[in-house]
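Data block below; observations after.
We number each residue from 1, following the sequence as shown.
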Amino acid sequence: MHENRIIPPARIQRNVLAIGERRVLNWLCARTPSWVKPDMLTALGMFGALLIFAGYTTSLLNEDWLWLCMPGYLLHWVGDSMDGSLARFRHIERPRYGYFLDHSCDGLATFLILLGIGLSPYVRLEVALIAMIGYLLLCIHTFLAVRVLGEMRLSYLNAGPTELRVILVSLTFAMLLFGDKQRDMTAMTGFDWFVGGVGLVLIGLFVVQTASAVRRLARIEPAL
(Lines give C-alpha, C1' and ligand atoms only; values in the text may rest on other atoms or scores of the structure.)
Protein backbone atom coordinates (compact mmCIF):
# COMPACT_ATOMS: atom_id res chain seq x y z
CA MET A 1 0.00 0.00 0.00
CA HIS A 2 1.24 3.48 -0.83
CA GLU A 3 -0.36 5.43 1.99
CA ASN A 4 2.01 8.40 1.64
CA ARG A 5 1.62 8.77 -2.08
CA ILE A 6 -0.51 11.67 -3.29
CA ILE A 7 -1.65 12.55 -6.79
CA PRO A 8 -0.34 15.99 -7.76
CA PRO A 9 -3.03 18.43 -8.94
CA ALA A 10 -3.24 19.49 -12.57
CA ARG A 11 -1.25 22.73 -12.97
CA ILE A 12 -3.06 25.40 -15.01
CA GLN A 13 -0.62 28.10 -16.07
CA ARG A 14 -1.56 30.38 -18.97
CA ASN A 15 0.25 33.57 -18.04
CA VAL A 16 1.89 35.65 -20.76
CA LEU A 17 5.47 35.01 -19.62
CA ALA A 18 5.01 31.30 -18.82
CA ILE A 19 6.81 29.80 -21.84
CA GLY A 20 9.81 32.12 -21.68
CA GLU A 21 10.00 31.82 -17.91
CA ARG A 22 9.95 28.02 -18.08
CA ARG A 23 12.87 28.03 -20.53
CA VAL A 24 14.88 30.29 -18.23
CA LEU A 25 14.06 28.17 -15.17
CA ASN A 26 15.01 24.93 -16.95
CA TRP A 27 18.29 26.53 -18.02
CA LEU A 28 19.01 27.68 -14.47
CA CYS A 29 18.05 24.32 -12.93
CA ALA A 30 20.42 22.46 -15.24
CA ARG A 31 23.28 24.74 -14.14
CA THR A 32 22.53 25.01 -10.44
CA PRO A 33 25.32 23.49 -8.30
CA SER A 34 24.42 20.24 -6.56
CA TRP A 35 24.95 21.78 -3.11
CA VAL A 36 22.07 24.23 -3.71
CA LYS A 37 18.90 22.69 -2.29
CA PRO A 38 15.26 23.71 -2.86
CA ASP A 39 14.88 24.84 0.76
CA MET A 40 17.83 27.20 0.29
CA LEU A 41 16.03 28.77 -2.65
CA THR A 42 12.86 29.14 -0.57
CA ALA A 43 14.93 30.97 2.06
CA LEU A 44 16.46 33.12 -0.69
CA GLY A 45 12.98 34.12 -1.84
CA MET A 46 12.03 35.13 1.69
CA PHE A 47 15.22 37.17 2.00
CA GLY A 48 14.23 38.94 -1.21
CA ALA A 49 10.80 39.74 0.28
CA LEU A 50 12.52 41.21 3.36
CA LEU A 51 14.69 43.40 1.12
CA ILE A 52 11.56 44.64 -0.66
CA PHE A 53 9.88 45.41 2.66
CA ALA A 54 12.99 47.25 3.85
CA GLY A 55 13.22 49.24 0.61
CA TYR A 56 9.65 50.50 0.79
CA THR A 57 9.67 51.31 4.50
CA THR A 58 13.03 53.12 4.47
CA SER A 59 11.85 55.25 1.53
CA LEU A 60 10.22 57.30 4.30
CA LEU A 61 13.76 58.57 4.96
CA ASN A 62 14.95 58.90 1.38
CA GLU A 63 13.39 57.80 -1.89
CA ASP A 64 16.72 56.34 -3.03
CA TRP A 65 16.11 53.42 -0.66
CA LEU A 66 13.52 52.24 -3.18
CA TRP A 67 16.42 50.91 -5.24
CA LEU A 68 16.77 48.21 -2.57
CA CYS A 69 13.49 46.75 -3.82
CA MET A 70 14.94 45.91 -7.25
CA PRO A 71 17.41 43.20 -6.18
CA GLY A 72 14.75 42.13 -3.68
CA TYR A 73 12.28 41.40 -6.47
CA LEU A 74 14.95 39.53 -8.44
CA LEU A 75 15.90 37.36 -5.46
CA HIS A 76 12.25 36.76 -4.63
CA TRP A 77 11.57 35.61 -8.20
CA VAL A 78 14.61 33.32 -8.25
CA GLY A 79 13.78 31.74 -4.91
CA ASP A 80 10.03 31.48 -5.33
CA SER A 81 10.15 30.21 -8.92
CA MET A 82 13.12 27.88 -8.67
CA ASP A 83 12.57 25.99 -5.42
CA GLY A 84 9.80 23.77 -6.79
CA SER A 85 11.29 23.76 -10.29
CA LEU A 86 14.62 22.49 -8.98
CA ALA A 87 12.94 19.77 -6.92
CA ARG A 88 10.98 18.56 -9.95
CA PHE A 89 14.06 18.81 -12.19
CA ARG A 90 16.05 16.61 -9.81
CA HIS A 91 13.08 14.31 -9.05
CA ILE A 92 13.38 14.98 -5.32
CA GLU A 93 9.88 16.36 -4.78
CA ARG A 94 8.29 16.25 -1.34
CA PRO A 95 4.69 17.06 -2.34
CA ARG A 96 3.14 17.68 1.09
CA TYR A 97 6.18 19.36 2.60
CA GLY A 98 6.90 21.48 -0.46
CA TYR A 99 3.26 22.50 -0.95
CA PHE A 100 2.87 23.55 2.68
CA LEU A 101 6.21 25.36 2.99
CA ASP A 102 6.06 27.08 -0.38
CA HIS A 103 2.57 28.50 0.01
CA SER A 104 3.13 29.45 3.64
CA CYS A 105 6.16 31.48 2.54
CA ASP A 106 4.18 32.94 -0.37
CA GLY A 107 1.57 34.24 2.05
CA LEU A 108 4.19 35.75 4.36
CA ALA A 109 6.12 37.29 1.44
CA THR A 110 2.95 38.86 0.02
CA PHE A 111 2.14 40.27 3.45
CA LEU A 112 5.63 41.82 3.75
CA ILE A 113 5.63 43.32 0.26
CA LEU A 114 2.18 44.90 0.42
CA LEU A 115 2.66 46.01 4.02
CA GLY A 116 5.88 47.68 2.93
CA ILE A 117 4.06 49.46 0.10
CA GLY A 118 1.40 50.60 2.57
CA LEU A 119 4.02 51.90 5.01
CA SER A 120 5.83 53.80 2.29
CA PRO A 121 4.97 57.48 1.69
CA TYR A 122 3.53 56.64 -1.73
CA VAL A 123 0.48 54.45 -1.06
CA ARG A 124 -1.97 54.61 1.83
CA LEU A 125 -1.92 51.60 4.13
CA GLU A 126 -5.66 50.97 3.78
CA VAL A 127 -5.30 50.92 -0.03
CA ALA A 128 -2.40 48.46 0.12
CA LEU A 129 -4.49 46.27 2.41
CA ILE A 130 -7.22 46.09 -0.24
CA ALA A 131 -4.65 44.68 -2.67
CA MET A 132 -3.40 42.29 0.00
CA ILE A 133 -6.94 41.04 0.68
CA GLY A 134 -7.56 40.53 -3.04
CA TYR A 135 -4.36 38.54 -3.53
CA LEU A 136 -4.91 36.37 -0.48
CA LEU A 137 -8.54 35.69 -1.48
CA LEU A 138 -7.30 34.38 -4.83
CA CYS A 139 -4.77 32.23 -2.95
CA ILE A 140 -7.61 30.81 -0.86
CA HIS A 141 -9.55 30.03 -4.04
CA THR A 142 -6.50 28.29 -5.50
CA PHE A 143 -6.00 26.15 -2.40
CA LEU A 144 -9.68 25.19 -2.26
CA ALA A 145 -9.67 24.28 -5.97
CA VAL A 146 -6.74 21.93 -5.36
CA ARG A 147 -8.82 20.10 -2.77
CA VAL A 148 -12.21 19.94 -4.49
CA LEU A 149 -11.31 20.07 -8.20
CA GLY A 150 -7.79 18.64 -8.30
CA GLU A 151 -6.55 21.75 -10.12
CA MET A 152 -3.91 24.28 -9.20
CA ARG A 153 -4.49 27.49 -11.14
CA LEU A 154 -1.29 29.51 -11.30
CA SER A 155 -2.61 32.35 -13.45
CA TYR A 156 -5.70 34.50 -13.85
CA LEU A 157 -6.42 36.78 -16.84
CA ASN A 158 -3.16 35.54 -18.41
CA ALA A 159 -1.20 36.87 -15.43
CA GLY A 160 0.54 35.08 -12.61
CA PRO A 161 3.02 35.89 -9.83
CA THR A 162 5.78 36.82 -12.30
CA GLU A 163 3.57 39.30 -14.14
CA LEU A 164 2.54 40.80 -10.79
CA ARG A 165 6.21 41.24 -9.91
CA VAL A 166 6.78 43.03 -13.22
CA ILE A 167 3.85 45.33 -12.39
CA LEU A 168 5.24 46.04 -8.91
CA VAL A 169 8.73 46.71 -10.26
CA SER A 170 7.20 49.14 -12.77
CA LEU A 171 5.25 50.77 -9.94
CA THR A 172 8.46 51.16 -7.95
CA PHE A 173 10.22 52.79 -10.90
CA ALA A 174 7.26 55.17 -11.19
CA MET A 175 7.68 56.06 -7.52
CA LEU A 176 11.33 56.88 -8.19
CA LEU A 177 10.60 58.89 -11.33
CA PHE A 178 7.61 60.88 -10.18
CA GLY A 179 8.18 60.98 -6.42
CA ASP A 180 4.49 61.44 -5.76
CA LYS A 181 4.79 61.35 -1.99
CA GLN A 182 1.43 61.73 -0.33
CA ARG A 183 2.11 61.74 3.39
CA ASP A 184 -0.15 64.24 5.16
CA MET A 185 -2.21 64.68 1.99
CA THR A 186 -5.96 64.20 1.97
CA ALA A 187 -6.41 63.51 -1.76
CA MET A 188 -5.95 60.10 -3.36
CA THR A 189 -2.91 59.96 -5.66
CA GLY A 190 -2.35 57.99 -8.86
CA PHE A 191 -0.45 55.34 -6.91
CA ASP A 192 -3.43 54.89 -4.59
CA TRP A 193 -5.85 54.50 -7.47
CA PHE A 194 -3.57 52.03 -9.24
CA VAL A 195 -2.89 49.79 -6.24
CA GLY A 196 -6.51 49.98 -5.09
CA GLY A 197 -7.72 49.21 -8.61
CA VAL A 198 -5.52 46.12 -8.81
CA GLY A 199 -6.88 45.01 -5.45
CA LEU A 200 -10.48 45.42 -6.61
CA VAL A 201 -9.74 43.44 -9.78
CA LEU A 202 -8.30 40.62 -7.67
CA ILE A 203 -11.36 40.62 -5.41
CA GLY A 204 -13.61 40.58 -8.47
CA LEU A 205 -11.67 37.63 -9.89
CA PHE A 206 -12.17 35.76 -6.63
CA VAL A 207 -15.94 36.29 -6.83
CA VAL A 208 -16.11 35.23 -10.49
CA GLN A 209 -13.88 32.18 -10.05
CA THR A 210 -15.76 31.11 -6.93
CA ALA A 211 -19.10 31.30 -8.76
CA SER A 212 -17.64 29.30 -11.66
CA ALA A 213 -16.28 26.62 -9.32
CA VAL A 214 -19.62 26.37 -7.49
CA ARG A 215 -21.40 25.77 -10.82
CA ARG A 216 -18.90 23.05 -11.75
CA LEU A 217 -19.25 21.37 -8.38
CA ALA A 218 -23.03 21.52 -8.62
CA ARG A 219 -22.84 19.55 -11.88
CA ILE A 220 -20.43 17.05 -10.35
CA GLU A 221 -22.53 16.66 -7.20
CA PRO A 222 -26.14 17.45 -8.17
CA ALA A 223 -28.71 17.97 -5.44
CA LEU A 224 -30.84 14.95 -4.58
Side-chain angles (χ1 to χ4, degrees), residues 13-18 21 45 48-77 80-81 103 105-143 153-212:
Q13 189 169 14
R14 302 191 182 106
N15 48 306
V16 174
L17 300 176
E21 182 181 25
L50 287 170
L51 281 183
I52 298 167
F53 174 79
Y56 285 127
T57 53
T58 53
S59 68
L60 284 163
L61 304 175
N62 190 303
E63 65 182 19
D64 287 339
W65 282 107
L66 286 172
W67 288 107
L68 190 61
C69 299
M70 305 310 179
Y73 278 115
L74 177 62
L75 293 177
H76 184 248
W77 173 78
D80 184 48
S81 300
H103 292 298
C105 289
D106 283 347
L108 181 57
T110 301
F111 170 76
L112 287 172
I113 293 170
L114 289 171
L115 179 63
I117 290 174
L119 293 177
S120 77
Y122 300 91
V123 177
R124 297 170 184 272
L125 179 59
E126 58 269 29
V127 173
L129 291 178
I130 292 174
M132 185 187 302
I133 290 168
Y135 187 85
L136 294 179
L137 280 175
L138 269 186
C139 289
I140 291 171
H141 172 80
T142 300
F143 304 150
R153 181 175 289 275
L154 300 174
S155 62
Y156 297 90
L157 296 179
N158 294 326
T162 299
E163 284 76 12
L164 286 176
R165 290 188 193 96
V166 171
I167 291 172
L168 290 173
V169 168
S170 301
L171 175 67
T172 308
F173 272 119
M175 292 173 178
L176 282 163
L177 288 173
F178 302 111
D180 192 9
K181 295 188 177 183
Q182 66 169 39
R183 192 169 31 180
D184 299 327
M185 292 178 64
T186 57
M188 293 278 286
T189 68
F191 295 129
D192 286 319
W193 288 110
F194 180 80
V195 173
V198 170
L200 292 176
V201 169
L202 295 177
I203 294 172
L205 278 172
F206 169 77
V207 173
V208 171
Q209 292 296 323
T210 298
S212 175

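- The CG atom of L125 sits 10.5 Å away from the CD1 atom of I130 when rounded to the nearest 0.5 Å.
- A distance of 8.5 Å separates CG of L114 from CG of L129, quoted to the nearest 0.5 Å.
- Contact annotation: the side chain of T210 approaches that of F206 to within less than 4.5 Å [non-hydrogen atoms, C-beta and beyond].
- The OG1 atom of T57 sits 11.5 Å away from atom CD1 of I117, with the distance rounded to the nearest 0.5 Å.
- A distance of 10.5 Å separates CG of L50 from CG of L68, quoted to the nearest 0.5 Å.
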Would you list the atom pairs, donor with acceptor, under 3.5 Å between side chains in residues 135-143 and any protein atom, with sequence neighbours excluded?
from, atom 1, to, atom 2, distance (Å)
T142, OG1, L138, O, 3.0
T142, OG1, Y156, OH, 2.9

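- Applying the side-chain contact (heavy atoms from CB on, under 4.5 Å) test to V208 and every residue at least two apart in sequence or in another chain returns nothing.
- Here the closest non-hydrogen pair linking L176 and E63 is CD2-O, 3.4 Å.
- In this structure, CG in L17 is found 6.5 Å from OG1 in T162, a value given to the nearest 0.5 Å.
- Take W67 and apply the ring pair (Phe, Tyr, Trp, His ring centres under 6.0 Å) test, not counting sequence neighbours, and it matches F173.
- Residues satisfying the side-chain contact (heavy atoms from CB on, under 4.5 Å) criterion with I167, sequence neighbours excluded, are L164, F194.
- Residue Y56 is tested with L60, T58, I52 for a side-chain contact (heavy atoms from CB on, under 4.5 Å); the sole match is I52.
- Here the side chain of D192 pairs no donor or acceptor atom with the backbone of V127 at under 3.5 angstrom.
- Counting heavy atoms from C-beta outward, D80 and D106 have side chains that approach closer than 4.5 Å.
- Residues forming a side chain to side chain donor-acceptor pair (under 3.5 Å) with E163 (at least two apart in sequence, or on another chain): N15.
- A distance of 8.0 Å separates SG of C69 from CE of M175, quoted to the nearest 0.5 Å.
- Partners of S120 under the side chain to side chain donor-acceptor pair (under 3.5 Å) rule, at least two apart in sequence or in another chain, do not exist in this structure.
- Between the side chains of Y122 and T189, no donor N or O sits under 3.5 Å from an acceptor N or O.
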Tell me, with the steps shown, if H76 and L168 meet side-chain contact (heavy atoms from CB on, under 4.5 Å). CA-CA 12 Å; H76 184 248; L168 290 173; over 6 Å; no
